[in-house]
Undergrad: 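Structure in structure tokens, see below.
Along the sequence shown, residues carry numbers from 1. These figures come from a predicted structure and were not determined experimentally. Scope of the values below: all heavy atoms of this structure, side chains included, with no hydrogens, waters or symmetry mates.
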Amino acid sequence: MVHSWGRPSTTLKLWLPLFFLLVSLGDASSRRTRRLGSSAAEETAETYDKYYNYVELTGLLRALAQKYPHIANLSSVGQSAEGRELWVMRITEDPNGDSPGKPKFKYVGNMHGDETVSRQVLVYLVEHLLGKYGEEPRIGQLINTTDIYIMPSMNPDGFERSVEGDCIGENGGRNNAKNMDLNRSFPDQFDGTFVSPGDVPEVMAVIRWIQEKKFVLSGNLHGGTVVASYPFDDSALHKQQGQYSQSADDNLFRFLALVYSQNHPVMKTGEPNCPDSPEETFSDGITNGAQWYDVSGGMQDYNYLYGNCLEITMELSCCKYPLAAELRKEWDMNRESLIAYMEKIHIGVRGYVKEAVNGSALTSASIVVAGILHNLTTGMYGDYYRLLLPGTYNITAVAPGYISATVHSVQVMEGKATELNFTLAPVASEVESSSTPSSIPGVLPPEHQPIQPQEFRHHNYADMELFLRKYNSEFPSITHLYSVGHSVEARELWVMIISDNPTVHEHGEPEFKYVANMHGNEVVGRELLLNLIEYLCRNYGTDLEVTKLVNNTRIHIMPSMNPDGYEAAIEGDVKGYKGRNNSNNFDLNRNFPDQFTTITDPRQPETIAVMNWLKSIPFVLSANLHGGSLVVNYPYDDDKEGTTQYSQSPDDKVFQQVSRAYSQENPLMHNGHPCEELYRDEYFEDGITNGANWYNVPGGMQDWNYLNTNCFEVTIELGCIKYPMANDLPKYWEQNRKALLHFIHQVHTGIKGTVSDMNDGTGIPNATISVADIDHNITSAHTGDYWRILVPDLRNCITNKYFSQDSVELVDFRLTRLHSDSKGQAQNGLQPTQNPSEKEFQSLIKELSLGQGLEKLVRITATDSSFRYQRYKELSGFMRGLTLNFPKITSLRGLGRSVEFRTLWALEISNKPREAEPSEPKIRFVAGIHGNAPVGTELLLEFAAFLCINYGKNPAITRLINETRIVIVPSINPDGREQAVEKQCNSTQGLTNAHGKDLDTDFFGNASQRVVEAQPETRAMMDMILDKGYTLSVALDGGALVATYPYDKPVQSVENEGTLKYLASVYANNHPKMHLGDTGCSNNGQMGNIPDGVMRAAERQSHMGSMKDFSMDFGHCPEITVYTGCCLFPPAEQLAKLWAENKKALLSMLVEVHKGVRGVVRDKSGKPIVGAIIVLNGGVRVFSAEGGYFHALLAPGNHNIEAVADGYQQQRQEVHTASSIIIEFDMDNSIFGLPREFVVASAAASMTALVVTACIIWCVCAAKSNRQKDGFHRLRQHRDDYDDEIRLTSMGSKKSLLAHEFQDESESDEETLYANKI
């Protein structure tokens, strides 16, 4: 019981002591003494030169309470082990009552009895506050707006045993009279630390006090060094030192600790220079408690975790019990810190939470700040005070039985707190709960009991939809309802997101999903997920586990993947098939692309919708809920042989781990005997099984998740009866509720982190995360964050009572842009730099590469178009029209003429289309090589118009055009196009040129391979390709729905295949249908699955002489061919749809061409080297252009690059690229280790000497041969007789023989050019 030292009850009793006090103060000397029982009138001024024992302290505090009754009230919160009162002075306006609007602050001193400076300093603080009230506006403002509680001594028994001058605590007194360390006796989050209440009455009294008052901010004053320590004081590992234990409010705690330390002249230096530990330092005078040393059962952690209060610990002096002569100095050093720290109780957000019907206060409502996993609750007036640093926050008020309310983008400024009030409406359907259990004095509040679902029934589609809409409406701050597609019968495939910020992917927060009712007659999962939605929503903000999961996980719940099948199913079905399949009678769990088996069934709309969904969100963990047994089934679901045997994935141990996480929490499943009445011999050890080892399932969803996304998925069979009666549903919830929650926790196991650019800190998407000995990589998400579930290393296992479910290791990667020195090693010297404009552009490329970047660009750049097929004359007019309307960014030229003399047009789009800009990448878009497939031609014409129209209007399009040289050739075969007929999906009419030649079989670089002369269209394109200035080429064709990469010719292996496949996959992934891999081309027999919609061209249709192969071998430019649709010449009405499907993919190529590796080749003097060969991964080559620039596209990963130039030493460099990286090669122009200039000069001198010597010899020989002239003269007269002999003799030259041996006189000089492959 708290009892007060009250003021006299009558006016006379009040005024008499005050009168004597005033007289006494007027006559007092500068020094006064303390006497037990003396009246306030006898007190004199503070001298700061002695310690007050318990009796003196009691008398002083009573005197001060009597002297300042209008702002001071003295009370005791309990007694020590030896019966001494634990005095608390309350200082505030109207200290005898409680009024709303004033946050509660406390200081506690002398917790360790022999650490005495705190005891005296708090006495001085009490005197200072009371004495300066009315004199200093700052003090008046603090007292009028704050409810201040000061406890000078929590351990008065220990103080009485301590000895003045004992600096290191050798004489006892630290502990209480029961020899208990009070700062090791509070309940602890990691190990409990429960002690007998009778041994620590001081602790029990303070716990009651904390629970009653709902303090907002607190300081615990100690001694032994000089530092401010903040939570947490211990960690799960209980490592003695060096383990930083971070709270959810770590930044705020650091700020508060700095407020104290930076106002303390010694503490702020971080160098206490304590005699017993002179080497000990603290950065800025603050430290995390556990990092300093581990303290279990500390008071500051208890305040934060269980008391609504933020508390730090201040160590005030090196000497625990210094001589009294030091007290004045200690007070002077701490005065400003003590006051400044108290003032910080008024930062952040404050307000009231009230009931909407009658306006009454809602006590114990939770205040939830998005992104900070620490809630607090309202006080008796519904008031709350949430300390926050300046920033923008989303804040939610949650109370059981009421609809939660969220205010977004709350601005918190420096200084005074932001006012934010909530009014909560009651939930009409909420079941009234009994009265809240009262707190038992001296112990923790009873364990919170979460609210369980109240209604159990089977929900048909309409009922389920209303349920989802209802909960989305009631809990808008934590839910988001969306559809991923439609079923065959046009029912929505609904998904509910539950998270603290449900509409966006938060960096670092994993994405989790549950999918149920894939088989329409397996309904338990459907109902369990509706129960789970209700449970998470109702308990958010009041249940610690639920709140933590929702705040730290983005949970996606799809109750029904097969709503059509559900409507056909029948309640009571035990093991039937009615409703199992979708409305087209296809089993959805046999309908996904499979790694071992070709799935020939047409891809169903539900399957396609889910595949698109999984590709769009970086899911980490998932479960697919089924029925018919009781087991968790993990990949793989089938094998190569198609037999029932164990089919192990690279992550087999991980899958076993997450499977057991579910089965062990289900009281029946883990026994392993699921359905003894139905399947007597069936047994699953630990309640888990490998899918293929149970039975073979090709085309399953869980395998597709694992192989095609970052997501690990298992299949959970929830019960033996597929469609149980409704009255059995509560039993299923009770059996599975813990397992459902525990499985979500598994998404927080393993490792997570961010892959970022070392230079600017931006996240790198699609970076590959590899784990040694596990042949399965994952990639980073849109902002560079990643999650990788792993089996824990038992040697480093973390055991944590409260948080052991979520033991995830943080591993960040920062990738440095690589540069090389002359030896190909990373260097710290001169490196290529980016100006601000280049950095801005790279940021744009990253933005467009992330998530919705391109999608947003597509939406905001829509152009009105009337699509129709255009014949040659119209096409030519359209191209000229572009140059007339957009002359500054377009340039039109003819590449050559067709057989029938139609011009092959090439349009360049760039900010400087008539100037060479070798530093910019150059991309080529071509179409119409087959005249009977004109869709690509129309798409490129619209693409050209789209770019031109948006130039100068849309910043992204403008910048892309400014930084890229775009060349568009819409029709390579205009003659064939004139012959083709619309709406002919399979006709070959128009496929060839006017000579009947398929142009895609006419590209040969070696004359020895060519039988006849190249067609004029081919010749024109070959000239263009041999320009060697292109970085990437995209060719559009028709007759399929797939993207192909080189080669068309049959080859055993393809150099740089990873990059080529990657480029094709970029296009396919940005096409809404292509990446699904289902060609669906029944018109040409091309049915079946093509993984990710990408394949090597030769696998589709192998042939020689393709443009793609020529571009690779002779143009040194990768080219992909995109087949835009199954019909070669579809009706014009379909063009708008085809444009919508390909627009984003075409733009993605403009973005992709700016990635890879680019750089400059130069010598040591800085002179650029033109024509240097850049060899990629030992095979593919590109050449440095004018200015020494080169650019090569590479897939994310490790690559070897070599630079070779005539007369220079070869350079080698290994790079890792996940986006654009600049590499600058500094070529060494030495020969045999000597400077090139010296070697050349020496060679020239030697050559000169040889020539002079030769001349001398010739003169000598000439003089001797004069006598033979007459003989040679006679020989010339008979020249004709010797012609044959002379010709025969000349052929004796070895050089001449070689030249004649390899001369092909059937070739023209021009043809020979193409025969020489560089």
Side-chain angles (χ1 to χ4, degrees), residues 505 507-508 510-511 595 614-621 649-651 654 704-712 750-759 761-791 808-818 826 842 845-846 849-851 1045 1054-1070 1075 1091-1092 1094 1118 1148 1151-1152 1154-1157 1176-1178 1180 1192-1201 1213-1221 1223:
H505 169 74
H507 182 88
E511 307 273 353
Q595 64 176 323
L614 303 189
K615 287 280 191 179
S616 67
I617 296 173
F619 288 110
V620 180
L621 182 62
S649 73
D651 280 287
V654 172
W704 191 87
N705 268 268
Y706 179 64
L707 294 168
N708 294 276
T709 75
N710 283 342
C711 186
F712 289 49
I751 61 172
K752 70 173 184 177
T754 301
V755 182
S756 59
D757 190 314
M758 181 67 79
N759 289 339
T762 57
I764 300 175
N766 297 317
T768 301
I769 310 299
S770 302
V771 179
D773 301 325
I774 299 180
D775 186 21
H776 182 78
N777 300 334
I778 61 155
T779 56
S780 57
H782 308 315
T783 59
D785 45 350
Y786 76 90
W787 305 262
R788 214 310 176 180
I789 302 177
L790 292 170
V791 175
V808 61
E809 186 75 20
L810 183 65
V811 181
D812 290 332
F813 297 95
R814 303 204 69 182
L815 304 185
T816 305
R817 301 185 180 211
L818 298 179
Q842 289 304 318
I845 294 299
K846 289 182 180 180
S849 300
L850 302 179
Y1045 59 91
V1054 177
E1055 292 176 344
N1056 215 26
E1057 182 171 11
T1059 293
L1060 299 173
K1061 186 176 182 180
Y1062 166 74
L1063 293 172
S1065 70
V1066 170
Y1067 196 101
N1069 286 335
N1070 283 285
H1075 73 275
D1092 298 321
V1094 173
S1148 73
V1151 173
E1152 198 63 34
H1154 287 279
K1155 298 181 183 179
V1157 176
L1176 310 175
N1177 299 317
V1180 178
L1193 298 181
L1194 293 171
N1198 293 316
H1199 300 275
N1200 294 311
I1201 295 179
Q1213 174 69 46
E1214 182 176 309
V1215 296
H1216 180 89
T1217 175
S1219 60
S1220 181
I1221 295 177
I1223 298 178

Undergrad: Between L621 and P510, is there a side-chain heavy-atom distance shorter than 4.5 Å?
TA: no

Undergrad: So, taking the atom named CD1 in I774 and the one named OG in S649, what distance separates them when rounded to the nearest 0.5 Å?
TA: 9.5 Å

Undergrad: Looking only at non-hydrogen atoms, find the nearest pair between H507 and G784 and report the distance.
TA: CE1-C, 4.4 Å

Undergrad: Looking at side-chain heavy atoms only, is the closest gap between E1152 and L1063 below 4.5 Å?
TA: yes

Undergrad: Do you know which two heavy atoms are closest between I764 and S780, and how far apart they sit?
TA: O-OG, 2.6 Å

Undergrad: Look up atom CG in N1070 and atom NE2 in H1075, then write down how far apart they are to the nearest 0.5 Å.
TA: 9.5 Å

Undergrad: Using 0.5 Å steps for rounding, measure from the CZ atom of R788 to the NE2 atom of H776.
TA: 6.0 Å

Undergrad: In terms of side-chain heavy atoms, does T783 have a donor or acceptor partner in D785 at a distance below 3.5 Å?
TA: yes

Undergrad: Step by step, work out the side-chain contact (heavy atoms from CB on, under 4.5 Å) result for Q595 and Y706.
TA: CA-CA 11 Å; Q595 64 176 323; Y706 179 64; over 6 Å; no

Undergrad: As an exercise, state the distance from NZ of K615 to CG of N1069, rounded to the nearest 0.5 Å.
TA: 5.5 Å

Undergrad: From Y786 OH over to T768 OG1, what is the distance, rounded to the nearest 0.5 angstrom?
TA: 12.5 Å

Undergrad: Over all heavy atoms of both residues, which pair between H782 and P618 is shortest? Give the atoms and the distance, please.
TA: NE2-CD, 4.5 Å

Undergrad: Looking only at side-chain N and O atoms, does N766 offer a donor or acceptor that is under 3.5 Å from a partner on T779?
TA: no

Undergrad: Under the side chain to side chain donor-acceptor pair (under 3.5 Å) rule, what do T762 and D757 come out as? Steps first, then yes or no, please.
TA: CA-CA 5 Å; T762 57; D757 190 314; 4.8 Å; no

Undergrad: What do the steps show when you test K1155 against I845 for side-chain contact (heavy atoms from CB on, under 4.5 Å), and what is the final call?
TA: CA-CA 8 Å; K1155 298 181 183 179; I845 294 299; 4.2 Å; yes

Undergrad: Tell me, do E511 and N710 make a side-chain contact under 4.5 Å, heavy atoms counted?
TA: no

Undergrad: For a side-chain contact (heavy atoms from CB on, under 4.5 Å) check, start with the C-alpha distance between F619 and N705, then their side-chain angles and the critical distance, and finish with the verdict.
TA: CA-CA 9 Å; F619 288 110; N705 268 268; 5.7 Å; no

Undergrad: Are T1059 and Y1045 side-chain neighbours, meaning at least one heavy-atom pair lies under 4.5 Å?
TA: no

Undergrad: CD1 of I789 to NZ of K752: how many Å apart, nearest 0.5 Å?
TA: 12.5 Å

Undergrad: Please evaluate residues S1065 and D1092 with respect to the criterion side-chain contact (heavy atoms from CB on, under 4.5 Å), reporting the C-alpha separation (whole Å), side-chain torsions for both, the decisive distance (0.1 Å), and the verdict.
TA: CA-CA 7 Å; S1065 70; D1092 298 321; 5.6 Å; no

Undergrad: When you compare the side chain of V1151 with that of V1066, does any pair of heavy atoms fall below 4.5 Å?
TA: no

Undergrad: Without swapping roles, check the side chain of T709 against the backbone of C711 for a donor-acceptor pair under 3.5 Å.
TA: yes

